[in-house]
Each structure stands twice: as structure tokens, then as C-alpha cells.
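Report on the structure given below.
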Amino acid sequence: MRYLTFALAKGRLAKQTLGLLEQIGITCEEMKDPDTRKLLFVNEALKVRFFLAKASDVPTYVEYGAADIGVVGKDTILEEGRNLYEVLDLHLGKCRMCVCGPASARQLLTHNEIIRVATKYPNIAKDYFHNQKNQTVEIVKLNGSVELAPIVGLSEVIVDIVETGTTLRENGLEVLEEICDLSARLVVNQVSLKMEHQRIRSLLTDLSDLIAGSYTGDRKEENHAKGKADGGNP
Ligand code: PRP
């Protein structure tokens, strides 16, 4: 059996995803060592491998088949526009992609004025303003702390993720328009879905049952049994 390789977006999302996988019997003890400098983690018994990558690189690994499966936010999937199958909403990390700014910028959006939009997501912003709203804008790419841009006069508005809304509130900004809902998604390499159909289908069934609260755990027992036969590390 070949390895099924998972690419996980580093950080909180990876931890939450590993928590979900553990509940369906897919574990990786090696990954639990907080001091490890290893990059690739293996569970020999289950023939699965995991690695952590920068979120924006996860779709790349999956498109090229270096990972069969990836877990990453919908924001990254939209922004990267890679060829892959988005197969499951994990309902983790729920937030929204929004156009935000000071209340005074609202009229600039309704009057379709030529404005500057600062964002970490230039493709999402371009698609929204140019294709959906037919508004000509200048997109300014930033790499973080995007809320600063309208405060210091770099742009009139921003396109950014809003989760709790705290960052906006504490900086005198607000949501002006909503672009889309976001959450973590499971993505699959297009060839892997055909070649490893059975294994990936079982994984998807278990995960969607788990999320829906109807997971029975049959395969989890199988996975544990395999782990024991392999000398632990289930
Ligand atoms: C994200 C996002 C917002 C903030 C939203 O930034 O870009 O700034 O979180 O969260 P809130 O609505 O709960 O306040 P992140 O923390 O990833 O850092 P960044 O500003 O460096 O991108």
C-alpha cells in the first residue's frame, strides 16, 4: 500500500484537524513532540504521512501531487486558484472575507468611485471589484496588519478576513460589504482521488459523519487493530 500524504496549514488549524483525524482513528504520535525539528511525520501502520506547510503553499503541494490531501482555509483556496478538488467543509476556523473601512468609505463603494484597496488577497479583491461589482479599483498588496492601511491613508478600504470583528472595532473600522463565508476545507489531488479512491472515500465518509455527529467508529477500531499489529503507534 502506498502512503497517503496529508499537507496541513501550520498553526491552530493543523492542531484542530489532527484532533478530528484522531477521532476517526488516524493518528500520528511523532507529531505530538513539541520539540521536534522533523518536517515529515509517518504512521507506518496506517501508511499515512503528514507535513505542515505555510497555508498558501498547501494548494501547491496538493496540485502537484506531493500531497494527496490538504487542509487549508477557503480564503487560500480562492486566492491561489490551483487545480484541485475541494471535497469537504470541515466547519473549522469559520470567518468571513469582507470589504472593510471607516464608515465614511461606504459611499465610495456605492458610487463606484476609483479607490485603493489594500489586501493580502489581491486575486479575491480583484475578482470581487472587477468581476462582481464592476468597480475599477487599484489593488495594493500587503502582507499583514492590513487594517493599518485606511488608518494611515494608504487605501480607502481593505479586503480582509473578519472573525470576531475585534481588530476592526479597536481601529475604528467596520464591515462595509461581505464577499463570502470562509472555513477550513479538505482538498484532494485530482489524480489521487482516482488512484486512491477507496481510501479517500472512506476518510471522507468518516470525517463527514463525524462533523454531522453520526460517526459510528467502525473503521476506527480497524485502524487501532492495524496499529497494534504494527507494534503500537496506532
Ligand atoms: C487576521 C485578519 C484580521 C484579523 C481578524 O489577521 O487579517 O486582521 O485576523 O480577526 P478578528 O476579526 O477576530 O479581529 P492575523 O491575525 O492572521 O494577522 P495579520 O494581520 O498579520 O494578517
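We number each residue from 1, following the sequence as shown. Computed from a predicted model, the values in this text were never measured in an experiment. As the structure lists them, so they are numbered: ligands from 1, and atoms in each ligand from 1.
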query: E156: what forms a side chain to side chain donor-acceptor pair (under 3.5 Å) with it, not counting sequence neighbours?
result: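 For E156, no residue satisfies side chain to side chain donor-acceptor pair (under 3.5 Å) once neighbours in sequence are set aside.
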message: Can you list everything that forms a side chain to side chain donor-acceptor pair (under 3.5 Å) with T164? Sequence neighbours excluded, please.
response: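 Checked T164 against side chain to side chain donor-acceptor pair (under 3.5 Å); matches are T166.
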field: Side chains of N123 and E79, donor plus acceptor under 3.5 Å
entry: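 Checked: N123/E79 side chains pair up, N/O donor to acceptor below 3.5 Å.
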message: Between K141 and N143, do the side chains contain a donor N or O and an acceptor N or O under 3.5 Å apart?
response: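 Yes, K141 and N143 have a side-chain donor paired with an acceptor closer than 3.5 Å.
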- prompt: Do R82 and D57 sit within salt-bridge range, that is, some charged N less than 4.0 Å from a carboxylate O?
  reply: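 No.
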field: Pairs flagged by salt bridge (charged side-chain N to carboxylate O under 4.0 Å, His left out) wherever residues 105-125 is involved - sequence neighbours left out
entry: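 Found R106-E174, R116-E138.
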- prompt: ligand 1: which residues have a non-hydrogen atom closer than 4.0 Å?
  reply: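 Contacts of ligand 1 under 4.0 Å: K120, G144, S145, E147, D160, I161, V162, E163, T164, G165, T166, T167.
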